[in-house]
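For ligands, and for the atoms within them, numbers begin at 1 and follow the listed sequence. This chain uses plain numbering: 1 for the first residue, then up along the sequence.
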Amino acid sequence: MEKGTFYITTPIYYPSDKLHIGHTYCTVATDTIARYKRMCGYDVMFLTGTDEHGQKIEEKAKAAGVTPQEFVDNIVTAPGGIKDLWKLMNISNDRFIRTTDDYHVEAVQRIFKKMYEKGDIYKGAYKGMYCTPCESFWTESQLVDGKCPDCGREVHYAEEEAYFFKLSKYAKPVQELLEGGEFLEPASRVNEMINNFIKPGLEDLCVSRTSFSWGIPVDFDPGHVVYVWVDALFNYCTALGLLNDKYSDFDKYWPADVHIVGKEIVRFHSIIWPAMLMSMELPLPKKVYGHGWLVIDGGKMSKSKGNVVDPYKLADMFGVDALRFFLLRTFPFGSDGNFSNELLISTINTDLANDLGNLVSRTTAMAVKYFGGTLPAEREHDALDDELISMAKDAREKYAAQMDKFQLHLALEEVFKLIQRANKYIDETAPWVLAKDEAKKPRLAAVIYNLLETLRIALIMLKPFIPESCDKAFEQIGADEACIAWETAATFGVLPASVTVVKGETLFPRVDMAKALVELEKMNKPAGPVFPPVEPNVTIDDFAKCDMRVCKVLSCEAVKKSEKLLKFTLDDGSGTPRQILSGIHKFYEPEQLVGKTVVAILNLPNRKMMGQDSCGMLLSAVHEENGKEELHLLMLDDNIPAGFRLC
Ligand code: MSP
């Protein structure tokens with residue numbers, strides 16, 4: 001029953017921090033579509049991965065005192081990292097690409113060279129405004145209030161020798177592609193791209209960097225690394241084997257059927273990506289779908305705001321399927337959705353515990369109570385059954401129409417209409433009344449059978465969303481492999497006439513809202529360090545005796561044979577350089593500190609350390625707890641001149 005191939009991708013994630021519920025939303029949605037397509041009989045290739053290069057990662061690694069590779073490994077493959085999160089969330093990706101994988105690195109070098117040899121990449125000089133967190137250069141006209149149009153943060157002027165991609169050459173075909181109406185969805189994003197980016201004039205794109213080194217080297221020009229977005233976008237092709245020997249199914253799966261991406265990266269996927277593919281003379285992906293964001297109180301989730309929602313915690317508390325379901329049931333996929341714990345809990349209670357969970361448990365309980373678990377084959381039909389049966393038979397088509405448009409919440413709406421109808425059917429038929437009359441047993445059997453069949457059909461449609469729970473429910477309603485195939489979902493009467501049900505565990509326990517909210521609140525409060533109490537035991541005169549001055553770090557080096565000591569040469573404002581030794585090597589590399597403005601107490605007696613003079617002491621902020629020491633060297637505004645006294 002194979003229907004051909006279906007290649008679907010998520011964006012590859014930046015391992016600069018742990019992933020949050022927003023990333024999980026994107027991956028769970030893609031996974032659900034992939035599972036749906038597999039169920040329909042497609043040969044699916046589902047790719048996800050990590051986008052590991054770039055200045056941001058290099059800087060974070062430096063601050064953490066590890067190599068960039070160690071830094072990303074720690075977020076991607078270490079326990080509790082990205083790969084583990086996808087395993088926990090039951091993500092069924094067929095492949096996982098890391099842009100630091102050798103085969104990808106080599107393939108990107110070949111791709112870059114190919115576009116260069118074609119004349120679509122050329123060398124020039126870049127002058128412009130640069131946003132470090134987004135790794136993007138912007139023209140003055142693109143800035144919003146002088147700030148980065150993507151993230152709203154400060155930009156700074158930057159200039160460097162660089163390679164450029166002739167994006168301008170492809171402006172017209174890209175515009176035509178977008179106007180064609182099939183390539184980019186939802187349609188609202190098409191106008192945004194054309195009006196904001198294409199109409200003002202597409203400028204050539206800077207595609208190499210020399211200001212940092214954590215990237216794929218341009219092999220024919222040392223010192224340049226490939227712009228992270230060029231490196232990242234081609235993952236969709238290298239992971240299938242483009243210009244490498246690691247995989248060999250490029251011809252089978254390319255072009256992609258759909259790239260699922262968040263709204264802020266639609267520009268890269270719908271303008272830059274097709275242009276580069278045109279340059280490479282490769283077929284274009286069939287579709288880019290730009291979904292909305294999960295926001296909190298209308299604003300972006302961010303580490304600095306402290307409102308990042310941890311998927312591990314929610315999955316642990318409510319279950320993986322409940323979390324998967326909530327994300328896709330609640331928010332229209334193309335628009336932003338406001339996340340809240342209250343909404344999560346009420347969705348679990350209303351849809352999963354009440355509507356679906358109750359239907360499964362009531363139906364199986366009745367089958368056990370009235371027939372010992374196995375229904376008699378003799379059944380009596382009633383006109384009352386017709387509406388439910390016809391609704392169940394039609395549901396698959398309605399559901400599929402929404403799934404094929406990636407309207408996941410509307411597809412679920414179709415399923416829940418059916419589930420709600422079945423619950424109403426229980427009230428209408430009142431099986432507990434039928435059970436009192438032996439002569440009505442065939443009628444009672446029909447009612448229970450119809451409920452089981454409706455459940456079977458609903459569960460087939462729910463399986464891509466909540467796979468594990470559906471498997472448990474199939475077992476409870478006595479549906480074996482043959483009864484859960486997609487092909488059977490538009491037919492009523494597939495379960496054997498004398499089906500046997502098994503009463504099992506409650507699929508979705510009701511959540512006590514008040515209790516759960518308190519627990520979540522507690523979990524989200526960072527434990528925080530415990531500081532020692534303050535004792536008022538110093539007089540102002542004692543304090544005034546300390547001569548603390550502002551100093552500039554002229555040079556800094558590690559003291560030979562010492563693991564801890566750094567040797568500082570400081571400008572203390574006196575005109576004579578001052579030497580101070582400080583045991584802070586564990587926290588800083590010497591080159592990080594040169595040029596910094598620090599504070600030192602100068603009127604302490606000189607000390608010898610490892611045979612060298614130390615004339616004063618640098619001030620740091622320190623905290624020690626559970627044997628773990630944290631230290632931050634006190635650094636001041638660089639505008640403060642050397643020699644100023646602290647008081
Ligand atoms: N590395 C790039 C993608 C390169 S693809 C060739 C990137 N990575 S990311 O980790 O920052 O984001 C990955 C995806 O997560 C994006 O599609 C982004 O929109 C999505 N999300 C990040 N936060 C989100 C929400 N709060 N809500 C929904 N999706 C969000 O961009």
Side-chain angles (χ1 to χ4, degrees), residues 8-31 47-57 60 72 75-76 81-82 85-86 89 91 96-100 104 108 111 131 133-136 148 150-151 189 214-216 226-239 256 258-274 276-277 285 288-305 307-311 314 326-328 330-340 406 408:
I8 183 167
T9 66
T10 68
I12 48 173
Y13 297 87
Y14 284 127
S16 53
D17 276 309
K18 284 194 147 195
L19 298 191
H20 56 62
I21 196 80
H23 305 108
T24 309
Y25 173 57
C26 180
T27 314
V28 164
T30 313
D31 178 65
L47 174 72
T48 188
T50 42
D51 178 7
E52 304 187 356
H53 292 121
Q55 191 171 4
K56 190 161 58 179
I57 304 266
K60 285 211 158 195
V72 292
I75 296 186
V76 180
I82 294 177
L85 177 61
W86 297 157
M89 292 309 300
I91 302 302
F96 189 99
I97 185 170
R98 300 183 62 182
T99 55
T100 48
H104 173 78
V108 167
I111 290 165
C131 173
C134 294
E135 287 160 351
S136 291
C148 172
D150 267 359
C151 72
R189 309 223 185 267
W214 182 240
I216 298 184
V226 174
Y227 174 42
V228 68
W229 269 101
V230 176
D231 162 359
L233 285 162
F234 274 101
N235 91 86
Y236 300 131
C237 295
T238 60
V258 62
H259 294 308
I260 304 288
V261 303
K263 63 178 184 179
E264 87 285 17
I265 58 172
V266 162
R267 178 173 76 96
F268 296 95
H269 284 82
S270 66
I271 298 177
I272 297 171
W273 181 222
M276 288 196 299
L277 288 168
V288 171
Y289 192 93
H291 66 75
W293 275 350
L294 280 197
V295 294
I296 293 208
D297 301 326
K300 212 176 168 185
M301 264 177 234
S302 79
K303 214 176 149 192
S304 54
K305 282 195 215 160
N307 64 358
V308 172
V309 179
D310 180 355
L314 295 183
F326 160 70
L327 292 172
L328 305 179
T330 318
F331 311 114
F333 193 43
S335 331
D336 286 354
N338 214 344
F339 175 91
S340 77
F406 311 128
L408 308 181

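Only side-chain heavy atoms of H269 come within less than 4.0 Å of ligand 1; its backbone N, CA, C and O stay farther off.
Atom 26 (N) of ligand 1 has as its closest protein heavy atom L294 O, 3.0 Å. Counting protein heavy atoms only, atom 7 (C) of ligand 1 is closest to Y14 CE1, 3.5 Å. Of the protein's non-hydrogen atoms, the one nearest atom 25 (C) of ligand 1 is G22 CA, 3.4 Å. In this structure, atom 12 (O) of ligand 1 lies nearest to the protein heavy atom H23 CD2, 4.0 Å. At the shortest separation from atom 31 (O) of ligand 1 among protein heavy atoms lies I265 CG2, 3.6 Å. Here the protein heavy atom with the shortest distance to atom 18 (C) of ligand 1 is E264 OE2, 3.2 Å. Scanning the protein heavy atoms around atom 3 (C) of ligand 1, the nearest turns out to be I12 O, 3.2 Å. Scanning the protein heavy atoms around atom 17 (O) of ligand 1, the nearest turns out to be G262 N, 2.8 Å.
Between H259 and T9, the side chains place a donor N or O and an acceptor N or O closer than 3.5 Å (distance only, hydrogens not considered).
If you number the atoms of ligand 1 from 1 as listed, the ones under 4.0 Å from a heavy atom of H20 come out as 23 (N), 24 (C), 26 (N). Of all the atoms in ligand 1, the ones that sit under 4.0 Å from a non-hydrogen atom of Y236 are 5 (S), 6 (C). Taking every non-hydrogen atom of A232 and a distance limit under 4.0 Å, the qualifying atoms of ligand 1 come out as 6 (C).
Between K263 and D336 there is a salt bridge, with a side-chain nitrogen of the basic residue lying less than 4.0 Å from a carboxylate oxygen of the acidic one.
Between the side chain of S335 and the main chain of G292, no donor-acceptor pair closer than 3.5 Å is present. Of the possible donor and acceptor atoms, none in the side chain of D51 sits under 3.5 Å from a partner among the backbone N and O of Y13.
Put simply, part of W229 is less than 4.0 Å from ligand 1, judged by heavy atoms. Contact analysis puts H291 in contact with ligand 1, with a non-hydrogen atom separation below 4.0 angstrom. Residue contact annotation: F268 has no non-hydrogen atom under 4.0 Å from ligand 1. The closest approach between G292 and ligand 1 falls below 4.0 Å for a heavy atom of the residue.
By the 3.5 Å distance cut-off applied to N or O atoms, C26 is not counted among the residues near ligand 1. Of the polar atoms of N235, none of the N or O atoms is found under 3.5 Å from an N or O of ligand 1, judged by distance alone. Considering backbone and side-chain atoms alike, D51 places an N or O below 3.5 Å from some N or O of ligand 1.
Contact annotation: the side chain of E52 never approaches that of I57 to less than 4.5 Å [non-hydrogen atoms, C-beta and beyond]. Using a 4.5 Å heavy-atom threshold, the side chains of I82 and T50 count as touching. M89 has its side chain out of reach of D31: every pair of non-hydrogen atoms, C-beta onward, lies at least 4.5 Å apart.
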- List the steps and the verdict of side chain to side chain contact (heavy atoms under 4.5 Å, CB included) for W86 and T24. CA-CA 8 Å; W86 297 157; T24 309; 4.2 Å; yes
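Not less than 6.0 angstrom separates the ring centroid of F339 from the ring centroid of H20. The aromatic ring centres of F406 and F333 sit 6.0 Å or more apart. F331 and F326 have their aromatic ring centers within a separation under 6.0 angstrom.
Heavy atoms only, all atoms of each residue included: P311 and L19 are closest at CD-O, 3.8 Å.
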